[in-house]
Enquirer: 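Okay, here's the structure, questions in a sec.
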Protein chains: 2
Amino acid sequence: MGITERKKRDFEHREQVILGASLNLFDCDEWLSVTVDQIADAAEIGKGTIYKHFSSKEEIYAKLTLDFYYGLLEQLERIDQNRSSISILGDIFKVALHYHLSQPEFRRVTQYCKRIDFKKNHSEEICNAFEKLDSRFRNLVGDILSTGMEKNEIPRTNVRQLYYCMKTCFDGSVDTVWTGYSGLEKVDIDEYIKIITQFMVAGVLGLGDLENNQIAKVYLN
Amino acid sequence: MGITERKKRDFEHREQVILGASLNLFDCDEWLSVTVDQIADAAEIGKGTIYKHFSSKEEIYAKLTLDFYYGLLEQLERIDQNRSSISILGDIFKVALHYHLSQPEFRRVTQYCKRIDFKKNHSEEICNAFEKLDSRFRNLVGDILSTGMEKNEIPRTNVRQLYYCMKTCFDGSVDTVWTGYSGLEKVDIDEYIKIITQFMVAGVLGLGDLENNQIAKVYLN
DNA sequence: TCATTATATGACCAGCAGTCACTTTATTCA
DNA sequence: TGAATAAAGTGACTGCTGGTCATATAATGA
């Protein structure tokens, strides 16, 4: 039924309107005290309607964050894989960090939803969505690392462990650019992206080699 | 006046009681919905009294977090500086990560207070306290890096930039151990601490050398 | 003993998240 | 066509909670 289809589209469109209005209102440091009434006003709908789309205010946060990460993973998965693993890893960092910088209005919500306890207080559906995102990222990076080791571009080592190092560096750098963006600390962001990418590369290349070279000796003295 | 003194001590002691009671109640995933009344009950005082010590509920979060970090920095600043810079950096990671793991009950509050917008909504006093913590850490690590470069233990490069790389890795690793602790993802934590420390060392050693060695060539192909 | 000050308290208030009975709109089918 | 049914929208209402403040209580000292 075409008409049913359109109604469905309308309904989904309205969801986007709510999310858009929310995001607008959330782009300030007091975003946590934005009320559902305010969101309803901004979206030009009744308050009750919001609860037809989201089971709670927090679910709006979650959906915004999920959408943000869908966009990120789409870009990351589109990165050309036919180059050296190191180049690809470098691009992942660059693409991801620029993606974050290009949508700074998401930084507060996203950080809020990253909290360990946040996800645990939500529906199965939301949890699964976050879980799926994690595994998409894990697979993407994991494959690059494995391939890199096979092609001897990356020193052989435990992929799982190397992945967690990458992830650590990745999460940390996202945090840093967004903190930098907020002006809490002045960082020249473009320079930073270049440097942290190099740092990550040095870590990936150096980690597996560590047992065999002088680094270990200095370190373990 | 000895009596005035004792009253002051009593008052300060009460603050610790409130913080302790709060921390206890906060050790669950629903910690954000713990009410001030519950805290008052647990601390066996009236609700009004809490507001004699803290200007808002959020200030309790902030004070807990500050106390946690005071403890961390105390331990970090006590690390023996008379060894190679690389050893010291490694110890900083080890000490810090073990410190975090030894007080998992702080992980939710601390993560909550790390948010970029959190600090901005608090009194000058709280802001300054956080600022001071940051600069203590920055100085500690910055000095180690500078000394390391002087002693040729670390390749010479921009200290500021290298610091941000360290910081990135540090923040990321804290996140990872605490996420791991919560069981969202299973990580063998002791193994992880060893590996991420090595990763960081490889990064620090590799970053400055990057221009002169083959890493750069592979990466910049 | 009483006046004064300092501290503790919980009843109270305002504001907000979330609900639900009702209205409005769209769709179906007799 | 229009009556019946379904679906979506709505905002007045409720219960709860953070924060306040007038009062109670205790300590000090004259």
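Everything quoted here is computed from the prediction, not taken from an experiment. The sequence lines fix the lettering, A, B, ..., with proteins before strands; numbering per chain opens at 1. What you see below is based on every heavy atom in this structure, not just the backbone, and it leaves out hydrogens, waters and symmetry mates.
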Enquirer: Partners of B/Q16 by side-chain hydrogen bond (donor to acceptor under 3.5 Å, both in side chains), sequence neighbours excluded?
Expert: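 By the side-chain hydrogen bond (donor to acceptor under 3.5 Å, both in side chains) rule, B/Q16 matches no residue at all.
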Enquirer: With heavy-atom distances below 4.5 Å as the criterion, would you say the side chains of B/N158 and B/Y164 are in contact?
Expert: no
Enquirer: I'd like to check the side-chain hydrogen bond (donor to acceptor under 3.5 Å, both in side chains) partners of B/S55; sequence neighbours left out, ordered by chain and number.
Expert: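 Only B/E59 meet the side-chain hydrogen bond (donor to acceptor under 3.5 Å, both in side chains) criterion with B/S55.
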Enquirer: Just how far, in rounded Å, is P of C/dG15 from CD of A/Q38?
Expert: 13 Å
Enquirer: Taking protein heavy atoms under 4.0 Å as touching, what does nucleotides 6-18 of chain D look like 5' to 3' if B marks base contact, S marks sugar-phosphate-only contact and - marks none?
Expert: ---BBB-----SB
Enquirer: According to side-chain contact (heavy atoms from CB on, under 4.5 Å), who are the partners of A/E15, at least two apart in sequence or on a separate chain?
Expert: A/L19, A/H53, A/F54, A/K63
Enquirer: Round to the nearest Å and state the distance from B/I18 atom CD1 to D/dG19 atom P.
Expert: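 After rounding, the gap between these two atoms is 14 Å.
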Enquirer: Rounding to 10°, can you tell me the angle the first-five-pair axis of the helix from C/dT1-D/dA30 to C/dA30-D/dT1 makes with its last-five-pair axis?
Expert: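 So the angle between the two local helix axes works out to 20°.
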Enquirer: How would you list, by chain and number, every residue that makes a side-chain contact (heavy atoms from CB on, under 4.5 Å) with A/D175, sequence neighbours excluded?
Expert: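 For A/D175, the residues satisfying side-chain contact (heavy atoms from CB on, under 4.5 Å) (neighbours in sequence not counted) are A/Q111, A/T179.
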Enquirer: What residues, two or more places apart in sequence or in another chain, satisfy side-chain contact (heavy atoms from CB on, under 4.5 Å) together with A/D10?
Expert: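 Only A/R6 meet the side-chain contact (heavy atoms from CB on, under 4.5 Å) criterion with A/D10.
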Enquirer: Sort and list the pairs that fulfil side-chain hydrogen bond (donor to acceptor under 3.5 Å, both in side chains) and have at least one residue in residues 34-44 of chain A, not counting sequence neighbours.
Expert: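 Matches after skipping sequence neighbours: A/T35-A/Q38, A/D37-A/K47.
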Enquirer: Would you kindly give the CD-to-C1' distance between A/E58 and C/dC16, to the nearest whole Å?
Expert: 14 Å
Enquirer: Can you measure A/I60 atom CD1 to C/dG18 atom C1' for me and round it to whole angstrom units?
Expert: 12 Å
Enquirer: Sequence neighbours excluded, which residues qualify as side-chain contact (heavy atoms from CB on, under 4.5 Å) partners of A/Y70?
Expert: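 With sequence neighbours excluded, A/Y70 shows a side-chain contact (heavy atoms from CB on, under 4.5 Å) to A/L66, A/D67, A/A129, A/L133, A/R136, given in chain and number order.
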Enquirer: Measure from CD on A/E30 to P on C/dC16 and round the result to the nearest Å.
Expert: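 After rounding, the gap between these two atoms is 14 Å.
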